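I have a structure I would like to understand better, so I am pasting it below and will then ask my questions one at a time.
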Amino acid sequence: MQREDILKRIAEIDTELKKRRKNDRLANYNKGAKRHKKQIAFHKCKKRNRWVFGGNRSGKTECGAVECLWMLRGVHPYRKNRKDVFGWAVSLSQQVQRDVAQAKILSYLPKSWIADITMLSGRKDNPAGGVIDQIKIKNAFGGISTLGFKSCDQGREKFQGSSLDFVWFDEEPPRDIYEECLMRVMDKRGDIFGTMTPLKGRTFIYNEIYLNHRKNPEIWHEFMTWEDNPYLSKKEAGLLEIALDATSLDARKYGKFSEGAGLVYPEFDESVHVVEPFKIPPEWQENISIDPGLHNPLSAHWYCVDWDGNIYVVAEHFASGKDIDFHADAIKTISAKLGWKTDGRGRICALIDSAANQSTLASSKSVAELFCERGIMVNPKVNKDVFAGIARVKSFLKQGNGEANLYIFKNCTNMIEEFKSYFWANGDAPVKKDDHCMDELRYFVMTRPKPATKTEEVSPVLQDKLRRIRTLRRDRRKF
């Protein structure tokens, strides 16, 4: 073979390789300037039970399909890879399987990787037109991995017997099937992951995964919204938003659980607003806010404000069935640990609900008076306008430019949980239940001016603050 022929052949091979790389959607998924950051956070997570709650068109199904194929192929960039992987993709019905999960898998799966296909209906030479039972996929380590497709309408019995490396739920499964799949991954210490839009309201997934009421350390979740998807047209998102009511927006835009008239604060995002505790400069200390309760819970939080007006909720006291002495001692203890400021007489100052001016059944003195006698000078002159307060909190959660001005330390668990479960009633007011943190948050926030929109000119102080925020955001996820 002549030299010219050899060079021509090399050029042809190089062109073909470039063409294949360009058309390899799986290889290109994690590359390029347009990276879906929350998809990457999902893939990097090492927890064994991880979920994405996403609005429609937020990119949630994409990351579920890619996670499956990375594991099956043995090419996962963030996890230990194995050969001969066996997993399931679970859909609500066979029709949904064909149209969503199966279609998404096939869109990322070159024919050269397919060792064999077993069909439930249709022809194996046209798998997209039928319903797949199993796909055998060539593994990078030389083995053969298997992806089985299941649908919830088959019933729990069809989910018994197998030992699996992973299960992917595309949308929310019934509880009995979810629990059966937990059994299927137990032997291999396998993974459960789900991608869903929570259209059914506060189901068992809301309690088991979102609230994680059992405190399972292996559970993790993330929310994806339209705004997180860098490939979704803003014009298209705007048209969709106009067409949906408030309840539908909670689920279909924000991926939030809702029931009745929806969440009061769908803007709340744990990945943005909840941060790891850090040492607060003494100059940031602003006030304590208290929603009083004796039989009912008493909620108190310590609020700081940085030089740019950002609010930080840095500590929490939350307890029910206790007397004033208990609460006063707890507030003093937390304040001492924080090195919290006092007035000229060494007394702690705080805001408190004006209802504290009323006398208790056990005393002729009011709750406010009892606190003052114990060295906590409470100010009951708070703004209790619910709607104005909610609007002000919303403005701190998210400005018009998308920036947050309210951050909550991770140790303030009761406030975080109330944000996640604070719903509108069927009328024009929030549900009056489990709202003690939300009430005293409003009392404090109403003492603050609305957050100012950042200008293009960035001062040295603001630059320092932005560096702090970037550091917090880098450190907030520890898998």
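Every value quoted in this text rests on a predicted model; they were computed, and no experiment measured them.
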Hey, is NZ on K384 packed in by over 12 heavy atoms from elsewhere, all under 6.0 Å? yes
Sorted by first residue and then second, give each salt bridge (charged side-chain N to carboxylate O under 4.0 Å, His left out) pair with at least one member in residues 181-193; sequence neighbours left out. R50-D191, R79-D191, D165-K188, E180-R184
Going by the rule side chain to side chain donor-acceptor pair (under 3.5 Å), which residues pair with E171 if we only count those two or more places apart in sequence or in a different chain?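 Checked E171 against side chain to side chain donor-acceptor pair (under 3.5 Å); zero matches.
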Which pairs count as salt bridge (charged side-chain N to carboxylate O under 4.0 Å, His left out) when at least one residue sits in residues 336-350, sequence neighbours excluded? D343-R347
Taking only residues two or more places apart in sequence, or in another chain, which ones meet E267 in a side chain to side chain donor-acceptor pair (under 3.5 Å)? K394
Does W70 have its ring centroid less than 6.0 Å away from the ring centroid of Y29? yes
Could you give all pairs that pass the salt bridge (charged side-chain N to carboxylate O under 4.0 Å, His left out) test and reach residues 280-295, with sequence neighbours left out?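 Of all non-adjacent pairs touching residues 280-295, those that pass salt bridge (charged side-chain N to carboxylate O under 4.0 Å, His left out) are E286-R448.
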Any donor-acceptor N/O pair, S335 side chain to K332 backbone, under 3.5 Å: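 Side chain of S335 to backbone of K332, a donor-acceptor pair under 3.5 Å: no, none is there.
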Is there a donor-acceptor contact under 3.5 Å linking the side chains of N414 and E316?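 Indeed, the side chains of N414 and E316 share at least one donor-acceptor pair under 3.5 Å.
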Indicate the ring-plane relationship of H221 and F223, choosing parallel, tilted or perpendicular according to the 30° and 60° boundaries.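 Ring orientation, 0 to 90° scale: perpendicular.
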With no hydrogens and no angle check, do the side chains of D228 and W226 hold a donor and an acceptor under 3.5 Å apart?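 Judged by distance alone, the side chains do not pair up.
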When the ring planes of Y178 and F169 are compared, do they come out parallel, tilted or perpendicular, using 30° and 60° as the limits?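 Ring orientation, 0 to 90° scale: tilted.
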Looking at H43 versus Y78, is the centre-to-centre ring distance below 6.0 Å? no
Please find out if less than 6.0 Å separates the ring center of F159 from that of W88.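 Between W88 and F159, which both carry aromatic rings, the centre distance is below 6.0 Å.
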Is any NZ, NE, NH1 or NH2 atom of the basic residue among D269 and K38 found under 4.0 Å from an Asp or Glu carboxylate oxygen of the other?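 Yes, charged N to carboxylate O under 4.0 Å.
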The residue among D353, I290, V367, I288 that forms side chain to side chain contact (heavy atoms under 4.5 Å, CB included) with V378 is I290
Do M446 and V382 touch side chain to side chain, with heavy atoms closer than 4.5 Å?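 M446 does not reach V382 side chain to side chain.
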Do E62 and H36 pair up side chain to side chain, a donor and an acceptor below 3.5 Å, judged on atom types alone?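 The criterion, which ignores hydrogens and geometry beyond distance, is not satisfied for H36 and E62.
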What residue among I219, I192, T195 forms side chain to side chain contact (heavy atoms under 4.5 Å, CB included) with W51? I192
Examine W284 together with Y312 and report whether their ring centres are nearer than 6.0 Å.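 For W284 and Y312, the ring centres are under 6.0 Å apart.
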Can you see whether S299 engages E440 through a side-chain donor-acceptor pair at a distance of less than 3.5 angstrom?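 Yes.
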With side chains defined as the heavy atoms from C-beta onward, is the minimum distance between I348 and F371 less than 4.5 Å? no
Do we see a donor-acceptor contact under 3.5 Å between the side chains of T197 and K60?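 Yes, because at least one side-chain N or O of T197 sits under 3.5 Å from a partner of the opposite role on K60.
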For the aromatic rings, using the six-membered ring if either is Trp, is the centroid distance between F278 and Y407 under 6.0 Å?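 No: the rings miss the under 6.0 Å criterion.
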Say whether N216 and N212, considering side chains only, have a donor N or O and an acceptor N or O under 3.5 Å apart. no
E218: partners by salt bridge (charged side-chain N to carboxylate O under 4.0 Å, His left out), with sequence neighbours left out: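 Partners of E218 under the salt bridge (charged side-chain N to carboxylate O under 4.0 Å, His left out) test: none.
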